[in-house]
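Okay, so here's the structure we're looking at.
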Amino acid sequence: MNKTGKTFHVQPFTVERGKIKEFAMAIGDDNPIYYDVEKAKEQGFRDIPIPPTFPTVMEMWSGLDFETLIRELDLDPLMVLHGEQEYEYLEDICAGDEITCTAKVISHVEKRRMTFITIENRFSRDGKIVLIARSNIIERNQ
C-alpha cells in the first residue's frame with residue numbers, strides 16, 4: 001500500500017551540549033565549537049552548534065528511530081537500505097534550542113522489485129522552520 005502522505009508522531013527535542021559533545025566525539029570531529037561555548041560564540045554562534053548530521057540524533061531520540069519506521073511503513077528490516085540523506089539548514093541550531101518536528105512520507109514509488117520511500121522532516125524552533133531533512137529508504141522486494 002502506498003504510504004505517501006503518512007505522518008509520524010515525533011516528540012519535541014531539547015538540544016543539549018552533552019549530546020552534541022558525545023556526537024562530535026563519536027564521529028571524530030575535534031572542532032572546538034562543539035566542545036567549548038566560548039569558542040562557538042567567537043565564531044558567531046549563540047551557543048554550541050550542532051554538527052551537520054546531528055539531526056539524525058534528534059530524529060532517533062524524538063521517536064523516529066529505525067524500528068518505528070520499519071513498523072509504521074510495514075517494511076522488512078532485512079531488506080532495507082538507507083539510500084540517501086540530505087539536510088537543508090535555514091538557520092543555526094544550538095544547544096538549548098527546543099526543536100519540534102513534523103515528519104511525513106512525501107514519496108512512495110515501486111519499480112524494478114524495489115520500493116523507494118522519501119521522508120521529509122521539518123524541524124522548527126519557536127514555530128519557525130530551521131531545518132528540512134530528507135531521507136530515502138529503499139526496500140528490496142523478493
Side-chain angles (χ1 to χ4, degrees), residues 1-37 39-41 43-142:
M1 179 189 337
N2 192 305
K3 302 287 185 179
T4 302
K6 178 171 183 50
T7 59
F8 301 92
H9 177 70
V10 185
Q11 298 290 328
F13 182 85
T14 301
V15 180
E16 300 173 11
R17 288 179 184 165
K19 287 283 183 216
I20 294 170
K21 179 180 177 180
E22 289 172 357
F23 186 80
M25 290 173 66
I27 63 173
D29 194 329
D30 61 359
N31 189 328
I33 66 171
Y34 302 130
Y35 302 90
D36 184 328
V37 70
K39 296 286 186 193
K41 287 181 178 182
Q43 295 298 313
F45 295 100
R46 293 176 281 109
D47 204 304
I48 294 177
I50 64 171
T53 57
F54 189 83
T56 300
V57 173
M58 296 189 308
E59 292 167 356
M60 300 271 176
W61 283 100
S62 297
L64 200 56
D65 55 64
F66 182 74
E67 290 80 17
T68 299
L69 288 174
I70 293 301
R71 183 181 64 252
E72 295 289 322
L73 296 173
D74 195 29
L75 301 172
D76 179 347
L78 300 176
M79 303 303 280
V80 169
L81 302 169
H82 183 92
E84 182 180 8
Q85 184 75 45
E86 72 178 68
Y87 302 103
E88 181 182 347
Y89 279 85
L90 306 173
E91 291 188 13
D92 293 328
I93 299 173
C94 296
D97 288 353
E98 177 78 17
I99 302 296
T100 57
C101 177
T102 58
K104 181 179 182 178
V105 174
I106 60 169
S107 175
H108 181 150
V109 178
E110 296 193 28
K111 56 182 162 180
R112 301 178 102 191
R113 295 182 30 214
M114 290 189 284
T115 301
F116 298 85
I117 298 172
T118 303
I119 299 172
E120 182 177 88
N121 299 321
R122 292 178 172 259
F123 295 91
S124 299
R125 179 184 59 235
D126 299 324
K128 182 177 181 185
I129 297 173
V130 293
L131 169 69
I132 300 171
R134 293 176 196 88
S135 61
N136 293 316
I137 298 170
I138 302 168
E139 181 185 37
R140 298 173 290 138
N141 300 322
Q142 298 182 22

Item to check | Working for side-chain contact (heavy atoms from CB on, under 4.5 Å), residues I48 and D36 | outcome: CA-CA 7 Å; I48 294 177; D36 184 328; 6.0 Å; no
Checklist entry - What residues, two or more places apart in sequence or in another chain, satisfy ring-ring contact (aromatic ring centres under 6.0 Å, His included) together with F13? => result none
Item to check | Gap separating the CG atom of D74 from the NZ atom of K6, nearest 0.5 angstrom | outcome: 10.5 Å
Checklist entry - Can you tell me how far CG of D65 sits from CD1 of I70, rounded to the nearest 0.5 angstrom? => result 10.0 Å
Checklist outcome for this item: Rounding to 0.5 Å, atoms CD1 (I50) and CZ (R17) come to a distance of 15.0 Å
Next on the checklist: On a heavy-atom basis, which atom in W61 and which in K19 lie closest, and how many Å separate them?
Outcome noted: CZ2-NZ, 3.7 Å
Checklist entry - Which atom pair, heavy atoms only, marks the closest approach of Y35 to M25? => result OH-N, 3.3 Å
Checklist entry - Short question: side chain of N31, backbone of Y34 - any donor-acceptor pair under 3.5 Å? => result no
Next on the checklist: Any heavy-atom pair between the side chains of L81 and R140 that's under 4.5 Å?
Outcome noted: yes
Item to check | Derivation and outcome, side-chain contact (heavy atoms from CB on, under 4.5 Å), residues F23 and I20 | outcome: CA-CA 5 Å; F23 186 80; I20 294 170; 5.8 Å; no
Checklist entry - Under the side-chain contact (heavy atoms from CB on, under 4.5 Å) criterion, do N136 and I119 qualify, and how do the steps go? => result CA-CA 7 Å; N136 293 316; I119 299 172; over 6 Å; no
Item to check | From N2, L73, T118, residue fulfilling side chain to side chain contact (heavy atoms under 4.5 Å, CB included) relative to V105 | outcome: L73
Next on the checklist: What I want to check is whether the side chains of Q11 and H9 have a donor and an acceptor closer together than 3.5 Å.
Outcome noted: yes
Item to check | Heavy-atom pair with the smallest gap, counting every atom of S62 and V10 | outcome: CB-CG1, 3.3 Å
Item to check | Worked check of side-chain contact (heavy atoms from CB on, under 4.5 Å) between I117 and E139 | outcome: CA-CA 8 Å; I117 298 172; E139 181 185 37; over 6 Å; no
Checklist entry - Could K41 and D47 be called an ion pair, given the rule that one side-chain N must be under 4.0 Å from one carboxylate O? => result no
Checklist entry - Got P55 and F123 here, is their nearest side-chain heavy-atom distance under 4.5 Å? => result yes
Checklist outcome for this item: Rounded to the nearest 0.5 Å, the CD1 atom of I138 sits from the CE atom of M114 at a distance of 6.5 Å
Item to check | A40 to I33 - nearest heavy-atom pair and separation | outcome: CB-O, 3.7 Å
Item to check | Atom pair CE/OG1 of M79 and T115 - distance to nearest 0.5 Å | outcome: 10.0 Å
Checklist entry - Under the ring-ring contact (aromatic ring centres under 6.0 Å, His included) test, which residues partner F8, sequence neighbours left out? => result none
Item to check | Nearest-0.5 Å distance, CG of residue N141 to NZ of residue K111 | outcome: 13.0 Å
Review item, side-chain donor-acceptor pairs of residues 85-101, under 3.5 Å, at least two apart:
| unit_1 | atom_1 | unit_2 | atom_2 | d |
| --- | --- | --- | --- | --- |
| Q85 | NE2 | R134 | O | 3.4 |
| E86 | OE2 | R134 | NH1 | 2.8 |
| Y87 | OH | T56 | OG1 | 2.8 |
| E88 | OE1 | R134 | NH2 | 3.3 |
| Y89 | OH | P52 | O | 2.9 |
| E91 | OE1 | R125 | NH2 | 2.5 |
| E91 | OE2 | K128 | NZ | 2.5 |
| D97 | OD1 | R46 | NH1 | 2.9 |
| D97 | OD2 | R46 | NH2 | 3.0 |
| D97 | OD2 | C94 | N | 2.9 |
| D97 | OD2 | R125 | NH1 | 3.0 |
| E98 | OE1 | T14 | OG1 | 2.3 |

Checklist entry - Ignoring hydrogens and geometry, is there a side-chain-to-backbone donor-acceptor pair from H108 to K3 under 3.5 Å? => result yes
Checklist entry - What's the shortest heavy-atom distance between F66 and V80, and which atoms? => result CE1-CG1, 4.0 Å
